[in-house]
Amino acid sequence: MSAADAPVLELTGLQKSYGATRALVDVSVSLGRGETIALVGENGAGKSTLAKIACGLVKPDEGTITVGGEAMSSYSALAAHAAGVRIVPQEVLLCPNLSVAENITLGGVPRKRGNVIDRRAMTEAAEQRLADLGIESLDVRRSAGRLSVVQKAVVQVARALIPGTRVMIVDEPTAPMSKAEVDELMRLLELVSDRGVGVLYVSHRLDEVLRLADRVVVLRDGHAVAELEAAGLTEPQLISAMAGGRDFTVHATREQRVTGEALAVTDLQGPTIDHLSFSVGWGEIVGFYGIASSGRDDLGALLTGVVEPEGGEVTVDGRSLTGVSVRNRIHHGIGYVPPERSAALLLGRSVRENISVAMLERLTERGLKKVQAERELASHWVQELSIKTASIEAPVRSLSGGSQQKVLLARWLAAGVRVLILEEPTRGVDIATKAEIYRLLREFADAGNAILIASSDIEDILAVADRSIVLRDGRIADTFQSTTDVESLRDSLLTAAIAEGVEHARV
Amino acid sequence: MPGSDVAEARIPDRGMSPASGDDEARAVASQLRRERLLLLLRGQTLGALLVVLIVVFSLIAPNFFSSDTFFLVGGVAAAMGIMAVAQTFLIIAGGIDVSVGGVVALSAVLTGVLVDHSVPVWWAAAIALLASALLGGVNGFLAIKLKMSPLIVTLATLSLFTGLAYVLSGGDTLLISSDSFEFIGTGKVGPFPFQMVIFAVVLAIGYFYQRFSIHGQQIYAIGGNVEAARLSGIRVDAIPFVLYVLSGLSAGMAGLILTAQLASASPDVGSAFLLPVVTAVVLGGASLHGGLGSVIGTLVAVAILGVLQIGLSLLALSAYVQDMALGIVLLLALSLDQLMVKERSTS
């Protein structure tokens, strides 16, 4: 086989374990010249590990890597770069204090005699590189830190596109982008692959995948479970390949037994919240949905006192929370699960300590901790919520994202709160655990407690909310009761969320 | 990718079934064992270092391996150890107190000045302890209420307290002659120096606090993730404040022990404690980032530092060489720490 016909990147029999977690099990991918392969899969399926191995950032335990027909015996990030493998990483890796031109030419700065940087050549090279990508409007002298998200991505693609580039690995670039920005990036990547570069595209967004990719590799639990031709493939087909025939139906029948007002909010004001009033009844789950700037993200912090409201009143069971500390709100029966799990978990501490932490003070006898009672408490909730952990003494860091989220739920259930406020309750949680969390929340509400959920994931709202409130510009845009017609509810929620300013919609 | 025809999908069946809960649990268990082993190794290395030092000194230093040396080490280490126990909890909770040297000096000088003004020595000692706790409270107030960096705050108060001690004493050494007071520094309970007994009691209380009290568990939460601790209803301000007070109190106790040992109060006594206390705590496995550490680790580290000091003195090496040895030991401990972190991040 001549070098020209050989796949630009061939990964064979890759194995990778992190400690005892098997991230990749016998995965092989072969990427041809000018071909785009998309990697899809749930969180933790092994996509990012594969991408990192492909660009030399992570060493596989087993398997071979061939770039342009040449077997790479010792493969490092440096060797990968030398062989023509570039990465456009998930997190933007630009030097914010350097100019666009400096960032683009970072890998090979043009120099004059005496090793002095040739600024003019640098500017020209950067402009040329951008022009190749059809970008004329970007001033290369601007500082990279001031660029928009998509401009940053453009700069990264331009940087990666130096002579000798054979493979470009693009790891979930569009997570923070709007629709228009995604379109721009898609156009760019098509251009890149037209130039004969093989593109390995990692993404959650199936519509992008189907648009861009020639082939789709589906990963699940570290295994490549399917390799599909993208032509003619539909989203449902892809989803079923990802889910692997597991049943994730979560839209349970809803019992409405709302009795009295649990949480009442009047005229609440905050940074992005504009005179908001609503209430949540005992036994009810109210879901808040909206785009990023709608105020959805600030609601939880305002209600739980993490951020001091600028005005308005919050009452729980008729008692005002004005001036009540975060600590005392727990005694009022409020539990808060913030959007970032890491903000609430003691990652290095044990499952036991993470569960007991909010009610530890009640586990005392003459000033001493009731050691046995604490263990029993932790064991009870680990069993009750079927948290997958080696033991209650295992550090929470060693648990999967879904199990970590369950630990947080267990913490509040153990503390006996009656009002739960959750933001992004299923972020980074695999589909199976998602369903479990929905069920747990439903049970908690059915037992007469109140839940408020704010989420950017419309599935969360559709799956569990009895009542859905759509926020727009810090106000209530619309309110919907739950219905069995999930699809029409979904449309209504989306429409209400982005009715104005569709251009900037980023949900 | 437009396409309306039926997808030409090939889905190779690789005999994959979703990982069962058992599998995952087993995986987590084996990782846990690995981490435990590392932690154990870490503890062992520290213990091994202590043993190696003892063996080496026994071989090269005359009379090192004797019960006399044991009590000598115990005596030297006691003052430092008492402060190190309090410092351990403060560092676990994400704080730090480098002003202890200044508090030691002030506590000593205050006792001396009060005795000089005909205050009964035990009253003087009690007032000095109270004042030391108060000084700790000042540190706590500045670091917690005013949200200043604890390192900067206590560096500043170190300078302030030390200066104050010199001003109060006029730079003089004040004699204190009281047999009963001197017992603290030179007395013996059986074969044990009395200060070693005090250290043992403080250590026992510290161990008990860490293992069996609510606070002892909460400080790890505060140091590990203060926001998470706050959201969980832990008193993230009050608890560290108490720890600052205790750190001040422990330095006050150390000041009294040293004063009793010398039968005189000098502002110079604090200078020896500029760094060893924090060194001992970090050597004992606490992280300056908070959330990690233990009293037992600190105990072993205190013993290592004590053995080093006595051993090097027996070899008639200068204080400067001892300083160098201290630096090398600290670097060794920190590189070990770094290796641990690396191992953890790759697994």
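Per chain, numbering begins at 1; letters A, B, ... match sequence-line order.
- When heavy atoms are compared at a cutoff of 4.5 Å, A/I330 approaches chain B solely by way of its side chain, counted from C-beta outward.
- Distance check, rounded to the nearest 0.5 Å: OH of B/Y220 to CZ of A/R349 gives 6.0 Å.
- For the set B/A228, B/S232, B/A229, the entry with the most heavy-atom pairs within less than 4.5 Å of chain A is B/S232.
- Separating the CZ atom in B/R230 from the OG atom in A/S325 is a distance of 10.0 Å, to the nearest 0.5 Å.
- Only the side chain of A/R352 comes within contact range of chain B, with heavy atoms under 4.5 Å apart.
- Residues B/N225 and A/L347 have side chains not in contact (no heavy-atom distance under 4.5 Å, counting atoms from C-beta outward).
- In this structure, the separation between CG on B/L231 and CZ on A/R329 is 11.5 Å, given to the nearest 0.5 Å.
- In plain terms, the two heavy atoms of B/I214 and A/L363 that are nearest each other are CD1-O, 4.3 Å.
- In this structure, the portion of A/V306 lying under 4.5 Å from any heavy atom of chain B is its side chain and not its backbone.
- Counting heavy atoms from C-beta outward, A/S356 and B/Q217 have side chains that approach closer than 4.5 Å.
- For CZ of A/R327, the number of neighbouring non-hydrogen atoms (other residues, nucleotides, ligands) closer than 6.0 Å is greater than 12.
- Heavy-atom neighbours of A/Q372 CD from other residues, nucleotides or ligands within 6.0 Å: above the threshold of 12.
- Both the backbone and the side chain of B/R235 come within contact range of chain A, each with at least one heavy atom under 4.5 Å from a heavy atom of that chain.
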